[in-house]
Number of protein chains: 2
Amino acid sequence: MEKREFKHEVYGGIGQLTKALANPHRLEIIDLLAQGEKMVEAIATEIDVSIANASQHLQVLKQARLVTIRKQGHYMFYTLANADVFAVWQALRGLSISQLPDVEKVIRDYRTGQGALKGISLNVLIGKLERDEVILLDVRPAEEYRMGHIPNALSVPPGEWGQKLEGLPTGEEVIAYCRGPFCVFADEAVAYLKSKGYRAARLDEGFPDWKIRGLPVICG
Amino acid sequence: MEKREFKHEVYGGIGQLTKALANPHRLEIIDLLAQGEKMVEAIATEIDVSIANASQHLQVLKQARLVTIRKQGHYMFYTLANADVFAVWQALRGLSISQLPDVEKVIRDYRTGQGALKGISLNVLIGKLERDEVILLDVRPAEEYRMGHIPNALSVPPGEWGQKLEGLPTGEEVIAYCRGPFCVFADEAVAYLKSKGYRAARLDEGFPDWKIRGLPVICG
DNA sequence: CAATTATTCAATTAAACTATTGAATAATTG
DNA sequence: CAATTATTCAATAGTTTAATTGAATAATTG
């Protein structure tokens with residue numbers, strides 16, 4: 001094999017893979033599937049496109065081997081193909097925050113608009129959990145909590161804050177985590193908690209970031 | 001700002017960034033610029049396209065803030081904008097090796113075709129260097145060596161193996177490194193060294209992987 | 001077995017991307 | 001200042017991508 005032919009194969013292959021990622025909806029799908037498997041309709045609803053369109057995007061991701069399918073009845077459950085897919089998304093996310101002023105600004109504006117301000121990092125959370133200093137809330141939908149969450153996290157799904165937060169000790173610091181830095185459940189939860197007099201902050205990263213570090217995860 | 005508008009900004013921004021990466025030539029440029037700054041003509045020659053075409057691809061990368069320019073006379077030196085850009089490339093590279101059978105196969109075939117076989121990892125190299133067990137060769141072009149290399153590495157640029165390898169002690173193991181896993185300089189060097197009776201292997205990763213880990217680097 | 005439902009396929013149109021070509025800038029040299 | 005050189009710009013044509021629509025599969029339910 002010639003040297004140029006070799007390069008053509010290699011960079012061409014990675015180019016195709018990158019093209020499959022290079023679409024806002026598909027990136028949002030990747031971000032969503034990092035939480036665990038989802039079926040087509042749920043994905044379409046979540047990312048706000050027609051089912052046919054979501055299906056087409058999923059075909060593109062499938063063809064690029066970025067997602068895999070589990071079939072059950074006539075439901076198709078899509079998941080990320082492996083941890084490396086999330087690692088790429090994580091790197092892209094990081095690059096966008098460091099290099100795209102707009103993205104960084106939009107996030108900051110949105111958070112301050114919600115009264116949420118600065119979050120804490122995964123490393124800081126780990127320290128606080130070791131010293132047993134915080135109450136940890138998983139504010140993602142119940143189904144995502146069920147499929148995997150951080151040990152000792154309480155499930156407080158969106159829309160159920162009223163009931164679930166009864167009897168939470170007011171003295172202690174509360175930290176809410178959700179899907180990731182672009183997920184707004186945690187911002188909304190923190191805003192609500194603050195309005196109730198709690199000392200609250202969000203985790204900058206999300207559950208998948210915890211998981212990919214090899215930290216312990218509770219399922220079910 | 002509405003939730004959907006927020007998502008539109010964020011995923012849209014990352015989509016544009018990813019689109020700028022999603023081209024074989026541009027990925028090859030990223031891989032090349034990870035070695036250090038280069039001017040347009042050198043890039044065009046290296047990736048085997050016309051100068052006008054290379055310039056256009058560089059404009060795309062520049063607009064996406066993936067590269068920056070240093071102007072000197074009428075030479076334009078392009079470099080990666082920051083370490084996060086390399087981190088994305090590194091993640092994509094890793095994903096392609098784990099998920100694309102073709103890419104993995106092409107690399108394996110090419111290496112065994114060169115008689116080079118399996119390389120060693122950066123972690124293993126670090127151990128061997130600590131125990132002073134190996135002779136380390138930087139087999140990239142002299143200019144890239146000059147702009148930054150691993151401490152104690154000898155510069156043995158392509159085409160100068162005959163002269164440079166005189167007087168190398170034959171008993172010790174020799175490890176050659178180059179630009180990265182898709183760079184074939186190291187494979188060719190290892191094949192040559194083996195033909196001369198040396199015990200030789202290549203480093204799987206490249207110099208930028210060493211550098212991004214924060215390990216010491218010699219410039220000049 | 002017919003009706004329902006989740007998902008995919010096919011066809012269309014509008015938009016974006018790619019490589020090529022030759023001309024235009026702008027810094028340097030004689 | 002004219003000639004040279006490195007790089008960029010502009011226009012073009014061919015290809016690929018995206019969203020929409022409605023029809024086609026294929027599993028499930030009554």
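Numbers restart at 1 for each chain; the letters A, B, ... are given by sequence-line order, proteins then strands. The structure presented is a predicted model; accordingly, all values stated were derived computationally and were not measured.
When heavy atoms are screened at a 4.0 angstrom cut-off, B:Lys62 is found touching no nucleic acid atom at all. Among the heavy atoms of the strands, none lies under 4.0 Å from B:Ala54. Across all strands, A:Gln59 comes closer than 4.0 Å only to sugar-phosphate atoms, never to a base (heavy-atom distances). Residue-level contact check: B:Tyr78 touches the backbone only, with heavy atoms under 4.0 Å from sugar-phosphate atoms and none from bases.
B:Glu41 places its CD atom 14 Å from the C1' atom of D:dT4, with the value rounded to the nearest Å. Rounding to whole angstrom units, CG of residue B:Leu27 and C1' of C:dT18 are separated by 15 Å. If you take CG of A:Asp48 and C1' of D:dA19, they are 14 Å apart, rounded to a whole angstrom. Between the CG atom of B:Leu58 and the P atom of D:dT8 there is a distance of 7 Å, rounded to whole Å. Taking atom NE2 of A:His57 as the reference point, atom P of C:dT7 lies 16 Å away to the nearest angstrom. Here the P atom of nucleotide C:dT7 and the NZ atom of A:Lys38 are 13 Å apart, to the nearest Å. In this entry the distance linking OH of B:Tyr75 with P of D:dT7 reads 7 Å, nearest Å. Atom C1' of nucleotide D:dA18 and atom NE2 of B:His8 are separated by 14 Å, given to the nearest angstrom.
Across every strand in view, D:dT7 sits in a pair with C:dA24 that passes the Watson-Crick or G-U test at under 3.5 angstrom. Base pairing of C:dT13 is made with D:dA18, judged by Watson-Crick or G-U wobble geometry with both donor-acceptor distances under 3.5 Å.
Within 6.0 Å of the NZ atom in B:Lys19, the count of heavy atoms belonging to other residues, nucleotides or ligands exceeds 12.
Judged by distance alone, with hydrogens and angles left aside, A:Gln56 brings no side-chain donor or acceptor close enough to the base of C:dT7 to form a pair under 3.5 Å. Between the base of D:dA27 and the side chain of A:His74 there is a donor-acceptor pair shorter than 3.5 Å.
Closest contact between the side chain of B:Ser50 and the listed nucleotides C:dT7, C:dT21, C:dA19 involves C:dT21. Set against D:dT8, D:dA18, C:dT8, the side chain of A:Arg26 has D:dA18 as its closest nucleotide.
Contact between the side-chain N/O atoms of A:Lys71 and the OP1/OP2 oxygens of C:dA6 is not found at any separation under 4.0 Å. For the OP1/OP2 pair of D:dT17 and a distance below 4.0 Å, the side-chain nitrogens and oxygens of B:Lys19 include no atom meeting the criterion. Side-chain N/O atoms of B:Asn23 include none lying less than 4.0 angstrom from OP1 or OP2 on C:dC17.
At a threshold of 4.0 Å, the pair A:Asp209-A:Arg93 counts as salt-bridged, since one of the basic side-chain nitrogens sits closer than that to a carboxylate oxygen. For A:Lys38 and A:Glu28, the salt-bridge test fails: no basic side-chain N is under 4.0 Å from an acidic carboxylate O.
Ring geometry, A:Phe182 versus A:Trp89: the interplanar angle exceeds 60°, so the pair is classed perpendicular (tilted spans 30 to 60°).
The nearest heavy atom of DNA chain D to A:Asn53 and to B:Ile51 marks one nucleotide each, and the one closer to the 5' end goes with B:Ile51. Judged by closest nucleotide on DNA chain C, B:Val60 is the one of B:Ala52 and B:Val60 placed further toward the 5' end.
Of the candidates A:Arg108, A:Arg202, A:Arg179, A:Lys194, A:Arg202 is the only one forming a salt bridge (charged side-chain N to carboxylate O under 4.0 Å, His left out) with A:Asp187.
Taking CE of B:Met147 as the reference point, atom CD of B:Glu144 lies at 6.0 Å (rounded to 0.5 Å).
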